[in-house]
Amino acid sequence: MSEEQFESKRERQKARRAARLEQEAQQAKVQGVRRTATYGIVGLVVVALIGLLVFRQIQKGQQEEEQAAEVAARLDELGCTPDERQADLGGGHISGTADALSQEPPSAIYPDAPPSSGRHIGQVAPSGVYDVKIDPRFTTHNLEHGYVVAWYDADAPEDEVAELKAWGEEMLDGDYPKLIVSEYYEDIPDANFAYTAWFFRQTCDTFDADVAEVFTRTRYDTAGEAPEKGIPTHNVGAQGVIDPEGEDLFLPPLDEEFGGTSAVDEVEGTDPASAIDPGNEDTEAAEPAEDEPVEAATE
């Protein structure tokens, strides 16, 4: 091969290499543009989603404010009292013996019924909608843990009681599992329905789902002032949870006064309710010692 041929071959090789490098550079440039465009689109989508979430949150807040305002305007029409703070009746556990329970009946420790604070039994009732009566010394303990309890009177209109129960089931299936709906063991003073949370109560002649929802949303668990709010929901089978099992859940002296099966044996043989529920074994319990009075002030 002559020197001229050799030089010509080298030049062709250089030209091919230069063309290849140029092609690779162009491809890299195109890929970079595509990558930048992709990142830009993803960024725009993320910003749009965040904006949508913020918008929906603002919209939800506005809707809740409008609902609360509409409810406030209809209280007289529905025969409802305002959602009012009640007297602080303290807290602490009553001993689970029949004698101790008989000495502290609901009528003695809860001068204003249904209760929104006060001494209570060491056990609790499970979340649920009930056709039976539950001793308020159980449910007051639930209130201390951030529950809302909705009571209905024995003489309340049946269709409205059915609406209350349907509302309760819907709330339990939604964002409010710490809820109990039950018939009150005696007449609710001057009302057919009562909604209670720690320190707060509202009563109504007529059931209205919006009234019940606004009260629950305002006073529920961490939104309220319960001293032991934030602990898990009390479910059947958990420590210290006494299931009515389709019968009135009474303690002395209500069991003797109203009949039915007494729960005193279950209470005496059961440890106090704990913040540890199945699936939450690492959660520390936060219960006062038995019979030790505690202040009901918020933490």
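- With rounding to the nearest 0.5 Å, the separation of OG1 in Thr196 from CG in Asp83 is 11.0 Å.
- Taken to the nearest 0.5 Å, the CG atom of Asp175 stands 10.5 Å off from the CD atom of Glu170.
- Contact of the Tyr39 side chain with the Arg35 side chain is registered, since non-hydrogen atoms from C-beta on lie closer than 4.5 Å.
- Between the side chain of Arg201 and the backbone N or O of Pro114 there is at least one donor-acceptor pair closer than 3.5 Å.
- Counting only distance, with no hydrogens or angles, the side chain of Lys178 and the backbone of Ile231 share a donor-acceptor pair below 3.5 Å.
- Contact annotation: the side chain of Lys165 approaches that of Asp131 to within less than 4.5 Å [non-hydrogen atoms, C-beta and beyond].
- The aromatic rings of Tyr184 and Trp151 lie perpendicular to each other, with more than 60° between the two planes, well past the 30° mark.
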Kindly list each side-chain donor-acceptor pair under 3.5 angstrom involving residues 67-79, sequence neighbours excluded, with atom names and distances?
unit_1	atom_1	unit_2	atom_2	d
Gln67	OE1	Arg217	NH1	2.9
Gln67	OE1	Arg217	NH2	3.1
Gln67	NE2	Asp210	OD1	3.0
Arg74	NH1	Asp208	OD1	3.2
Arg74	NH2	Asp208	OD1	3.3

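- In terms of heavy-atom proximity, Ala154 sits nearest to Glu183 at CB-OE2, 3.2 Å.
- Taking every heavy atom of both residues into account, Thr216 and Met171 meet most closely at CG2-CE, 4.0 Å.
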Run the numbers on Leu101 and Ile121 for side chain to side chain contact (heavy atoms under 4.5 Å, CB included), then give the verdict.
CA-CA 8 Å; Leu101 291 164; Ile121 195 68; 3.6 Å; yes
Could you walk me through whether Asp135 and Leu249 pass the side chain to side chain contact (heavy atoms under 4.5 Å, CB included) test, one step at a time?
CA-CA 6 Å; Asp135 195 309; Leu249 186 62; 5.7 Å; no
Phe207 vs Tyr152, test: side chain to side chain contact (heavy atoms under 4.5 Å, CB included). Steps then yes/no.
CA-CA 9 Å; Phe207 172 73; Tyr152 59 92; over 6 Å; no
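- Atom OH of Tyr130 and atom CD of Glu245 lie 10.0 Å apart (nearest 0.5 Å).
- Counting all heavy atoms, side chain and backbone alike, Gly168 lies closest to Leu179 at O-CD2, 3.8 Å.
- Checked by atom type and distance alone, the side chain of Ser182 pairs as donor or acceptor with a backbone atom of Val132 at under 3.5 Å.
- Side-chain N or O atoms of Asp221 include none that pairs as donor or acceptor with a backbone N or O of Lys229 at under 3.5 Å.
- Contact check on Arg137 versus Glu104 returns no salt bridge, with no Lys/Arg side-chain nitrogen under 4.0 Å from an Asp/Glu carboxylate oxygen.
- In this structure, Asp153 and Ile188 approach most closely via the heavy-atom pair OD2-N, 2.7 Å.
- Two residues are said to be in side-chain contact when any heavy atoms from C-beta on lie closer than 4.5 Å; Ser127 and Tyr147 meet this criterion.
- Across Arg119 and Ile94, no two heavy atoms sit closer than the pair NH2-CA, 3.7 Å.
- The aromatic rings of Tyr220 and Tyr176 sit perpendicular to each other, their planes meeting at more than 60°, with 30° as the lower class boundary.
- In this structure a side-chain-to-backbone donor-acceptor pair under 3.5 Å is present from His141 to Gly122.
- Of all non-hydrogen atoms in Thr140 and Pro115, the two that sit nearest each other are OG1-CG, 3.4 Å.
- A donor-acceptor pair under 3.5 Å is absent between the side-chain atoms of Ser102 and the main chain of Pro252, judged by distance alone.
- Of the possible donor and acceptor atoms, one in the side chain of Gln86 sits under 3.5 Å from a partner among the backbone N and O of Glu84.
- Contact of the Leu89 side chain with the Ile109 side chain is not registered, since no non-hydrogen atoms from C-beta on lie closer than 4.5 Å.
- Within the 4.5 Å cutoff, the side chain of Ser116 has no heavy atoms near those of the Trp198 side chain.
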Show the numbers, then the answer: is there a side chain to side chain contact (heavy atoms under 4.5 Å, CB included) between Leu164 and Val181?
CA-CA 8 Å; Leu164 167 64; Val181 176; 3.8 Å; yes
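- Taking 4.5 Å as the limit, every side-chain heavy atom of Leu143 sits out of range of all side-chain heavy atoms of Ser117.
- Residues Tyr195 and Cys204 have side chains in contact (heavy-atom distance under 4.5 Å, counting atoms from C-beta outward).
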Step by step, work out the side chain to side chain donor-acceptor pair (under 3.5 Å) result for Gln26 and Glu22.
CA-CA 6 Å; Gln26 290 296 328; Glu22 176 65 22; 3.0 Å; yes
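- Using a distance-only test at 3.5 Å, with no hydrogens or angles considered, a donor-acceptor pair links the side chain of Asp248 to the main chain of Lys133.
- More than 12 heavy atoms of other residues, nucleotides or ligands sit less than 6.0 Å from atom CZ of Arg16.
- A 4.5 Å side-chain heavy-atom check between Arg85 and Glu225 finds at least one atom pair inside the cut-off.
- Under a 3.5 Å cut-off, the side chain of Asn192 and the backbone N or O of Asp205 do form a donor-acceptor pair.
- Between the Asp88 side chain and the Gly90 main chain, a donor and an acceptor come within less than 3.5 Å of each other.
- For Asp159, the CG atom counts as densely surrounded, since its 6.0 Å shell holds more than 12 non-hydrogen atoms of other residues, nucleotides or ligands.
- Between atom NE2 of residue His145 and atom NE2 of residue His120 there is a gap of 6.5 Å, rounded to the nearest 0.5 Å.
- Dense packing is recorded around CD of Gln27, with more than 12 heavy atoms of other residues, nucleotides or ligands lying under 6.0 Å away.
- Under the rule for a ring-ring contact (aromatic ring centres under 6.0 Å, His included), the partners of Tyr185 that lie at least two apart in sequence or sit in another chain are Phe258.
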